[in-house]
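Okay, here's the structure, questions in a sec.
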Amino acid sequence: MHPRMQPSRTGRAPTAHAPTGHSSTGPSATTTDVLVIGGGIIGLVTAWRAAQRGLSTAVADPEPGGGAARVAAGMLAAVTELHYGEEMLLGLNLASARRYPDFVAELEEASGQDTGYRRCGTLAVALDTDDRAHLRELHALQHRSGLESEWLTGRECRRLEPMLAPGVRGGLRVDGDHQIDPRRLAKALVAACERAGVTFHRAWVERLSVVRDRAAGAVLDGGREVAAEQVVLAAGSLSGRLEGVPEEVLPPVRPVKGQVLRLTVPRPYAPFLSRTVRALVRGSHVYLVPRENGELVVGATSEELGWDTTVTAGGVYQLLRDAHELVPGLTELPLTETRAGLRPGSPDNAPLLGPTELPGLLLATGHYRNGVLLTPVTGDVMAHALVTGELPEEAKPFTPRRFSPVRQEVTA
Ligand code: GLY
């Protein structure tokens, strides 16, 4: 859930807000070094890292720890989710994947909570000739990109994962693609933020405050003002909707719907799957993520339907049909949860990180399919940007300025 820009309960898109011009913060305003708008995992990791750097930090969100992480499966799949044309993003994904073990150790220590991080690896399999050809192409792309993955025959895949369908034609074993439980990750981040002294304003954000052409805080629901030296907009797919943000600075982020199912392997847990298994089944992607507590996450649809978060019969059918082809025994399991979430898609599928053309306003949004994976690196990058005013070298390609109208005119 996010500030003010949350779609209405009817599922209609919120009205795009026009900038309201400058506003001022009143005498009763609370002042902080950093105000993070949005308490999903990206906002939380930004706040935690900022507070660790000695900045007084606040997060505004009616329900910190919610957002897309409540739906996400939590695959850390830099290699198996490699897509053509995303080579620049690959570098950032790999940098974040490398940081995960230390990040998790530090977060678990700081929060006193387990995050469900599992170094289990991933197996991507093919069911028919076309899927196999696609996987062969992906393998070649991975190889060209210097990534580690091993081609296995169908029999070798089934030896690793005996529940796989006999029809599996081959697969890619990627031992470096792991998983984490995003709900536990979010909970741990809330706790770590609290222990680090982050203030939570459990309220919607009405609008950004802009004073003398500089972001100066936000007005919360009910009119309360929070003044801040710097504001980070980290509201996921809703980041492009905040009232008060000048039009040319609004991030070009859109919602991409994903429906996800949760099944439960009954106790005592019979070995069902030992690692994440994913496949392209006649053109549609499906993945199965087994947790140690018996939860089996099946995802995900990818739908360009605006702000709609309805769980549909068609979405559930597609996921169960494809998952069943992959692992026929899965239909015996209780279906315990169905949900839809909104990925924050950007024009180049990469995040928007760091300072904007509006002084005092930074972005941490547009993470699309990789929000969970990119959490550690985002925290580090944003803390660096908040302290120094600059992006670190590894994050320079992800500046929001790559979409600014001025930049595009110059490069056209
Ligand atoms: N990264 C998985 C998904 O976006 O569905």
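Note that the structure is predicted; figures quoted are calculated from it, not measured. Basis for what follows: all heavy atoms, side chains included, without hydrogens, waters or symmetry-related copies. Order of listing sets the numbers, starting from 1, for every ligand and every atom in it.
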Exercise answer, ligand 1 polar atom pairs (N/O) under 3.5 angstrom:
| residue | atom | partner | partner atom | Å |
| --- | --- | --- | --- | --- |
| ligand 1 | 1 (N) | Glu81 | OE1 | 3.4 |
| ligand 1 | 1 (N) | Glu81 | OE2 | 3.0 |
| ligand 1 | 1 (N) | Arg369 | O | 2.9 |
| ligand 1 | 4 (O) | Arg343 | NE | 2.7 |
| ligand 1 | 5 (O) | Tyr287 | OH | 2.6 |
| ligand 1 | 5 (O) | Arg343 | NH2 | 2.8 |

Going by salt bridge (Lys or Arg N to Asp or Glu O under 4.0 Å), name the pairs with one or both residues in residues 170-187, residues two or more places apart or in two chains.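 Residue pairs with at least one partner in residues 170-187: Asp114-Arg184, Arg173-Asp175, Asp181-Arg184, Asp181-Arg291, Arg183-Glu337.
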
Consider only side-chain N and O atoms of Thr312 and Gln259, and report whether a donor and an acceptor are under 3.5 Å apart.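 Checked: Thr312/Gln259 side chains pair up, N/O donor to acceptor below 3.5 Å.
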
Please name all residues satisfying ring pair (Phe, Tyr, Trp, His ring centres under 6.0 Å) with Phe200, sequence neighbours left out, ordered by chain then number.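 For Phe200 there are no ring pair (Phe, Tyr, Trp, His ring centres under 6.0 Å) partners, ignoring immediate neighbours.
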
Could you go through Gln179 and Thr276, starting from their C-alpha distance and side-chain angles, then the distance that decides it, and tell me whether this counts as side-chain hydrogen bond (donor to acceptor under 3.5 Å, both in side chains)? CA-CA 8 Å; Gln179 61 151 301; Thr276 297; 4.5 Å; no

By the salt bridge (Lys or Arg N to Asp or Glu O under 4.0 Å) test, which pairs, at least two apart or in different chains, include something from residues 298-307?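 Qualifying pairs: Arg254-Glu304.
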
Carboxylate-amine/guanidinium contact Glu156 Arg159, below 4.0 Å: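 Looking at Arg159 together with Glu156, the answer is no, because their closest N to O distance does not fall below 4.0 Å.
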
